[in-house]
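Everything on this sheet refers to the single structure shown next.
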There are 2 protein chains.
Amino acid sequence: MFSAGHHRILSTLSRLGAMSRTDLARALDVSKASISMLVRDLIARGVLREEAVVFGQGRPSITLGLCSDAASFIGISLHADPTTVVMTDPHGRILARYVMPRETDPHACFEGLARAVDIVRKRAGSGAGPIAGIGVAQPGFVSRDGRISLASTALGWVNVDVAGGLSAVTGLPVFVENDANALILGEQLFGPSGDCPDFSLVFVGDGIGSAHIVNGRLHRGHHGGAGEISHSPIALDGSGALPCRCGNRGCLETVSSLQAIRGAARQAGLTSDIDELAAMTADGHPEALAILHRAGAALGIALAQLVQMFDPSQVLVILDPALKDSVFGRVLRQEMETHVLRRAGVQTTLTLRGLEDDSFAKGAASLAAQKFLFGNEWT
Amino acid sequence: MFSAGHHRILSTLSRLGAMSRTDLARALDVSKASISMLVRDLIARGVLREEAVVFGQGRPSITLGLCSDAASFIGISLHADPTTVVMTDPHGRILARYVMPRETDPHACFEGLARAVDIVRKRAGSGAGPIAGIGVAQPGFVSRDGRISLASTALGWVNVDVAGGLSAVTGLPVFVENDANALILGEQLFGPSGDCPDFSLVFVGDGIGSAHIVNGRLHRGHHGGAGEISHSPIALDGSGALPCRCGNRGCLETVSSLQAIRGAARQAGLTSDIDELAAMTADGHPEALAILHRAGAALGIALAQLVQMFDPSQVLVILDPALKDSVFGRVLRQEMETHVLRRAGVQTTLTLRGLEDDSFAKGAASLAAQKFLFGNEWT
DNA sequence: GAAGTTGGTTTATCAAACGAAATAAGTTCT
DNA sequence: AGAACTTATTTCGTTTGATAAACCAACTTC
């Protein structure tokens, strides 16, 4: 479809925003002649368009941008129970969405998703470009080629050919990815951290997931298990280490996950609603404070270890908005900062961001967008 | 000097061992015609040679290999006090070596090293190829371009232009790298783990260092600080957390480094000689056992965290041979294995290897060899 | 309105890679 | 032994993608 040269132009335009032909030539370190040819081609194909004329000294430059109707992408989140399906444009803007109960039988799931894709397509109307592909974000391990769900305890799937099955009923190319990975890829493509070649993302939900962009590309690990931070042995303080479902004690998720926090609150006779719990800490309730303090501190230590090993330029933590603004967020930051070795003029920034409804589905859509914009060069 | 095509051939030949032209065409996915041209060129330049005729069906193939006198490389280890200087061939075989006291004044150091290079060159005799460059392995942080020593507490260097200074007195290109990084690059190029695209190395010495090969290339981190495992907060078991020179408590190096082990032994009234201490554990001495057990367990937990985050295919731990065969090694392995989440058919292998005299110098030499074989493509 | 500056296009050229056919050097079958 | 087959390597003509240099366009500044 597109050549490597085309993809390079599309990806830098998407990453760095609209720019002129000459800027592109500088950014990609190729001749203006080549850019001229390729851009002409992309405009003719309806993917790029001239957006604005910028006046400076000399001849004004014409900024180029992706046509928002060049293509559109379907994103499906199987991360948690209401399955979310969205349709986005090449800039990551959501054109339509649909929410449905999560179905775990593979065949029924694919059938339902095919119907959902039709609904979303209708809702988006005629302003949207042709659908270039479907991205699926799911918990668990996914094959390196992004086709097979190797093992997902949450869905009860083992070796399910998601790409094959979903592609058969929709007629569209399908790309599957682990949920945390989809989230970071979405951030890289659509989010504000996109220009950063080395950053890490940690997600705090019922479990705890992480993912890493190294050298501009996703780091999957040799067995596809990189970022499995959930069962990192952190909370080993002597006798207090809690048993984990993985069989060990002291795993991070036994202390810092939403489930763990709810469990601890219940055991202390408090509410198991996170929002209420956070509100109680604001009022200074000692037991609620202790629970969130402990959870935040453990995650902070895990983040410190992550930073020491990976040395990313940024760590993005995505979590419940209530937690973000509570003592959890404050202790998390403080604990991480005290345990990271400081060097002059060198610092990893920590960003906390509240989870939004469509975060995972948007990340999933970015999988299809990646293929469209970048091609298969970046695996 | 060499084109990208040349470098691709040299690097695969070095990585995967001798192979025929047709094998190369398959491995690199280029036409046999191109390979034919490039190989002819490399043979004419004296870098490659036809090594053996392999008979199968059809016309026999001719395996190609690197000429061992195509070039030679100088490796300098400033890792510890006796500075070691070696000269190797393109296969990593050591042709000559020279050991001298470590000098910390930059100017004097470079002068001394220049003399050492001359000595090593003479010792190697005329069988060695022309020297292609000098690699330097040093503790501390090094600039991304491999020229400047940004900060090294052990040497007392801050912003020392090592490449410039040493290049001026030797007339050879110089490449500087952090010691752990040099070690893993040497392993990748010259060692048995070379074909592995994702592996990690941990070094236990007076400090503890680690380095990671991700996707076939060294992961430096955004600030060049990836692998700083030494001050990972591991040993946090309540009141027992020891203060560290970094200002925190419970850092890995306060428990598992050679210095920490010696310190703990001294405090218990035992010998501070590692060999003797290891021998005592073999005899079942309870206090010696406790010290090495604790040190090994802490490192095992750190390794488990490393494996969970990076998911390498292999972790190579380089340590004092006496430690390797003691309870330290056994506990290390056991603790790591219990804390790594298991998945069916998926496992990271842990390899312990004793430190050899020339390990760091050989790694340093590999820096120069990398540039010769791979060019600047791999940064 | 002339001079200067910068953006974008055209053209002739080049280097690297490719496909297909030719050639080389063996093994295997009859 | 000789024909038939297999596989490795080389040669040749062509395609591809990128380039530099010259050129044209469009604006600002003096």
Side-chain angles (χ1 to χ4, degrees), chain A residues 1-13 16-45 47-67 373-378, chain B residues 1-13 16-45 47-67 373-378:
Chain A
M1 176 91 183
F2 293 132
S3 79
H6 290 143
H7 282 305
R8 292 190 67 198
I9 287 181
L10 291 177
S11 68
T12 42
L13 232 36
L16 274 45
M19 57 172 75
S20 72
R21 292 169 174 81
T22 307
D23 289 338
L24 274 173
R26 260 193 293 271
L28 295 179
D29 199 31
V30 295
S31 69
K32 289 189 290 178
S34 308
I35 297 289
S36 193
M37 291 274 278
L38 291 166
V39 165
R40 183 186 5 241
D41 210 50
L42 287 170
I43 289 176
R45 297 216 221 174
V47 182
L48 241 52
R49 67 161 180 235
E50 302 189 329
E51 292 203 322
V53 181
V54 177
F55 298 85
Q57 269 192 334
R59 175 171 170 174
S61 61
I62 305 167
T63 58
L64 302 163
L66 291 168
C67 285
L373 295 170
F374 302 170
N376 287 316
E377 306 289 300
W378 295 73
Chain B
M1 176 87 184
F2 294 131
S3 79
H6 290 139
H7 281 306
R8 290 189 67 197
I9 288 181
L10 292 177
S11 69
T12 43
L13 232 36
L16 274 48
M19 58 173 73
S20 72
R21 293 170 174 81
T22 307
D23 290 337
L24 273 174
R26 258 193 295 272
L28 295 179
D29 197 34
V30 295
S31 71
K32 290 185 284 184
S34 309
I35 296 290
S36 192
M37 290 277 277
L38 291 167
V39 166
R40 188 191 356 248
D41 209 50
L42 288 170
I43 289 177
R45 296 215 222 174
V47 181
L48 242 52
R49 64 159 182 236
E50 302 189 328
E51 291 203 323
V53 181
V54 178
F55 298 86
Q57 274 189 334
R59 175 170 170 176
S61 61
I62 304 167
T63 57
L64 303 161
L66 290 168
C67 287
L373 295 171
F374 303 169
N376 287 316
E377 305 290 299
W378 295 73

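Throughout, protein chains are lettered first and strands after them, A, B, ... in sequence-line order, and every chain is numbered starting at 1. As the structure is a computational prediction, the values presented were derived from the model and not from experiment.
What separates CG of B/Leu28 from C1' of C/dC18 is a distance of 15 Å, to the nearest Å. Rounded to whole angstrom, the span from the CZ atom of A/Arg40 across to the P atom of C/dT11 amounts to 10 Å. Computed from coordinates, the A/Ile9 CD1 to C/dG8 P distance equals 12 Å when rounded to whole Å. Nucleotide D/dG17 holds its P atom 9 Å from the CE atom of A/Met37, rounded to whole Å. Distance CD1 (B/Ile35) to C1' (D/dT11): 16 Å, rounded to an integer number of Å. The interatomic distance linking A/Leu48 (CG) with C/dG8 (P) rounds to 12 Å, in whole Å.
Residue B/Leu13 is tested with B/Val39, B/Val47, B/Leu48 for a side-chain contact (heavy atoms from CB on, under 4.5 Å); the sole match is B/Leu48.
For the contact set between residues 18-25 of chain B and DNA chain C, defined by any heavy atom under 4.0 Å, there are no members. Within residues 55-64 of chain A, the residues that place at least one heavy atom under 4.0 Å from DNA chain D are, in residue-number order, A/Phe55, A/Gly56, A/Gly58, A/Arg59, A/Pro60.
Between the CD1 atom of B/Ile62 and the CG atom of B/Asp23 there is a distance of 12.0 Å, given to the nearest 0.5 Å. Within the model, atoms OG1 of A/Thr63 and CZ of A/Arg49 stand 9.5 Å from one another, a figure rounded to the nearest 0.5 Å. The distance from the CG atom of B/Leu24 to the CZ atom of B/Arg26 is 10.0 Å, given to the nearest 0.5 Å. A/Phe374 contributes atom CZ, which lies 5.0 Å from atom OG of A/Ser11 (distance to the nearest 0.5 angstrom).
B/Glu50 has its side chain within reach of B/Arg21: a pair of non-hydrogen atoms, C-beta onward, lies under 4.5 Å apart.
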Contact state string [nucleotides 18-23 of chain D, B base, S sugar-phosphate only, - no protein heavy atom under 4.0 Å]: SBB---
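Residue B/Leu373 comes nearest to B/His7 through the heavy atom pair O-ND1, 2.8 Å, listed as atom of the first residue, atom of the second, then distance. The two residues B/Leu28 and B/Arg8 make their nearest non-hydrogen contact at O-NH2, 3.2 Å. Minimum interatomic distance between A/Glu51 and A/Ala18 (heavy atoms only, all atoms of both residues): OE1-CB, 3.9 Å. Closest heavy-atom contact between A/Ser3 and A/Leu38: OG-CD2, 4.3 Å. Contact detail for A/Val53 and A/Pro60: the closest heavy-atom pair is CG1-CB, 3.5 Å.
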